[in-house]
Amino acid sequence: MSQTPWIAPPGLEGVVVADTSIADVDGAAGRLTYRGRSIEEVVRDFRFEELVPWLVTGRRSAPLRPDIRPLPAGPWPARPMAALGAVLLQLEAEWPDDVEAACRLIVGLPIMFGRVVGKGSLPGGDGRSSVAGQYLALVTGRVPTPAQVRALDAYWVMAAEHSLNASTFAVRIAASTGARLPLALAAGVGVLSGPLHGGAPEGVLDLLDQVARRPDDPEAVVRAKLDAGERLMGFGHRVYRTVDPRARALRDVFQELAGEEPWAALAARTEAAALRLLGERHPERPLATNVEFYAAAVLKAVGIPRELCPATFALARTAGWTAHWWEQRREGRLIRPLGRYRPA
Ligand code: ACO
């Protein structure tokens, strides 16, 4: 006997699709925890090299030494997100099954990717500095300051995991079919490449550039965008109905790093104008600052080129994706929803 299928709402909004013990996103309270610890505490206590194994296994260990494999000289795809996907595909054949070995590759991924897209020589990239420091040296071609390294590391810890967002769901779908981890991660990269998910920092930087040309009136710039039917990148979230806690924490990181620079004040005035106008236009739906607004500001302040922002986010998120891949594999059930046929 066939059962009447249940029809999920558009965008699966409000639908729980998995039990997870990796992170909890409390959208009403604006709280994020990783394995039971608040994001503020995790940022204070973990570097990226420590975060990856803890997030994946739940066990705290010493910082992992990155596993860095030699990669061909190229050619690599010109677009950074495609290049990151290609690096994962390149590593596929030799990807280890062991969890700690896989985590060491995840920790090494920023350095391998940095070598592919970076500026050639490797100042500070001698293997003694942190992965964030080596990545910054590779992609900027300069030795970063300790404050810049700390800021990127804090960003990576904050961006590493966010429960069942679109890209993580894609990774879990891949895991449920038995797909190997590097190919599941490549699926995550593809989904994160969309402007409504991981592509927002470039839009935020465009907005700040436009405001910089009319610094006396950020509100006019924001209003013009909304009047043209554009979405303001860096605002709104499917789950948070109040400020995204990562935006709050990254604002502090940004203020510490670039608080004195003129464009820091400009960013703050732009945020205030955007919140005011979004509040006016959508009184029914709180549209607050999301992680991408201050992520863009931090990435600009540490010198990450604009076109590398989404990939720099993806490098952090590989940690969360890996944790979900393992969790989904233990669950073991193929994810296979239905479609409803409706003749055109
Ligand atoms: N700017 C202007 N209007 C917005 C924005 C925004 N940033 N976000 C939502 N709205 C409006 C929509 O136009 C819509 O208005 P309408 O009902 O008059 O058509 C209403 O608010 C509801 O929007 P939805 O798309 O239903 O909200 P949803 O929950 O799907 O949106 C999303 C979440 C996609 C993040 C959205 O807020 C958005 O597009 N933001 C900008 C892109 C962005 O910053 N993405 C990064 C998200 S964080 C991350 O992925 C790591």
Side-chain angles (χ1 to χ4, degrees), residues 8-15 23 25-28 30-32 34 39 81 154-171 188-208 210-211 218-219 221-251 267 270-300 306 309-321 324:
L12 297 182
E13 185 160 0
V15 175
V25 179
D26 182 339
R31 253 174 64 82
L32 169 63
Y34 289 179
I39 190 65
M81 286 294 265
Y155 166 68
W156 271 350
V157 169
M158 265 180 256
E161 160 60 4
H162 209 233
S163 195
L164 265 291
N165 53 83
S167 56
T168 301
F169 189 35
V171 170
V189 170
V191 174
L192 192 69
S193 69
L196 295 187
H197 191 6
E202 287 170 287
V204 174
L205 294 174
D206 288 344
L207 172 67
L208 293 178
Q210 286 168 33
V211 172
E219 198 160 304
V221 176
V222 172
R223 181 173 289 110
K225 278 188 164 302
L226 291 175
D227 287 347
E230 285 181 40
R231 287 182 178 219
L232 296 179
M233 294 293 145
F235 297 90
H237 197 275
R238 176 60 69 78
V239 181
Y240 290 119
R241 289 292 167 248
T242 177
V243 67
D244 178 336
R246 301 164 302 170
R248 211 171 33 222
L250 276 173
R251 182 170 52 207
T270 307
E271 181 190 17
L275 292 176
R276 202 160 44 243
L277 291 182
L278 285 170
E280 263 173 42
R281 291 182 189 216
H282 290 281
E284 81 299 346
R285 184 182 190 90
L287 289 172
T289 314
N290 69 42
V291 64
E292 300 291 17
F293 188 81
Y294 280 102
V298 167
L299 293 178
K300 178 176 159 82
R306 173 177 305 221
C309 288
T312 304
F313 177 13
L315 289 168
R317 191 50 67 81
T318 53
W321 292 337
H324 280 271

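Indexing begins at 1, ligand by ligand and atom by atom, following the structure's order.
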Note the single closest protein heavy atom to [atom], along with its residue, its atom name and the distance in Å.
atom: atom 47 (C) of ligand 1; result: Asn290 ND2, 3.6 Å
atom: atom 42 (C) of ligand 1; result: Met233 SD, 3.5 Å
atom: atom 9 (C) of ligand 1; result: Leu287 CD2, 3.6 Å
atom: atom 40 (N) of ligand 1; result: Phe235 O, 2.9 Å
atom: atom 35 (C) of ligand 1; result: Gly236 O, 3.8 Å
atom: atom 3 (N) of ligand 1; result: Leu278 CD2, 4.0 Å
atom: atom 51 (C) of ligand 1; result: Glu292 OE2, 3.6 Å

Please state which option from [options] has its nearest heavy atom closest to [atom].
atom: atom 30 (O) of ligand 1; options: Arg281, His162, Arg246, Arg238; result: Arg238
atom: atom 1 (N) of ligand 1; options: Val291, Asp244, Leu232, Val239; result: Leu232
atom: atom 28 (P) of ligand 1; options: His197, Arg317, Arg285, Glu13; result: Arg285
atom: atom 23 (O) of ligand 1; options: Arg231, Glu284, His282; result: Arg231

Return the minimal non-hydrogen interatomic distance between [X] and [Y], and the atom names on each side.
X: Ser167; Y: Trp321; answer: OG-NE1, 3.2 Å
X: Gly11; Y: Arg238; answer: O-NH1, 3.0 Å
X: Val222; Y: Ala274; answer: CG1-CA, 3.9 Å

- Message: Counting only heavy atoms closer than 4.0 Å, does ligand 1 sit against the backbone of Leu196, its side chain, both, or neither?
- Response: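 It is both backbone and side chain that touch ligand 1.
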Hey, could you give me the [atom1]/[atom2] distance between [X] and [Y], rounded to the nearest 0.5 Å?
X: Leu164; Y: His324; atom1: CG; atom2: NE2; result: 6.0 Å
X: Glu271; Y: Phe235; atom1: CD; atom2: CZ; result: 5.5 Å
X: His282; Y: Leu226; atom1: NE2; atom2: CG; result: 7.5 Å
X: Arg231; Y: Met233; atom1: CZ; atom2: CE; result: 7.5 Å

- Query: Of all the heavy atoms in Gly234, does at least one lie under 4.0 Å from an atom in ligand 1?
  - Reply: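 Distance cut 4.0 Å: Gly234 passes for ligand 1.
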- Query: Is Phe313 near ligand 1, meaning one of its heavy atoms is under 4.0 Å from it?
  - Reply: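 Flag set, Phe313 near ligand 1.
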- Query: So which of Leu287, Leu32, Thr289 actually passes side-chain contact (heavy atoms from CB on, under 4.5 Å) with Tyr240?
  - Reply: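 Between Tyr240 and the candidates, side-chain contact (heavy atoms from CB on, under 4.5 Å) is satisfied uniquely by Leu32.
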- Message: Between the side chains of Asp227 and Arg281, is the shortest nitrogen-to-carboxylate-oxygen separation below 4.0 Å, so that they form an ion pair?
- Response: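 Yes.
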Pull out every atom of ligand 1 sitting under 4.0 Å from any heavy atom of [X], numbered as shown with elements.
X: His237; value: 33 (C), 37 (O), 48 (S)
X: Leu226; value: 2 (C)
X: Ala200; value: 43 (C), 44 (O), 45 (N), 46 (C)

- Are any non-hydrogen protein atoms located under 4.0 Å from atom 7 (N) of ligand 1?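 Within 4.0 Å: yes, protein heavy atom nearby.
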- Task: Mind telling me whether Phe313 and His197 have parallel, tilted or perpendicular rings, with 30° and 60° as the class edges?
- Result: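 Aromatic pair His197/Phe313 classed perpendicular.
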- Please identify each residue that fulfils salt bridge (Lys or Arg N to Asp or Glu O under 4.0 Å) with Arg248, with sequence neighbours left out.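 Salt bridge (Lys or Arg N to Asp or Glu O under 4.0 Å) list for Arg248, sorted by chain: Glu40.
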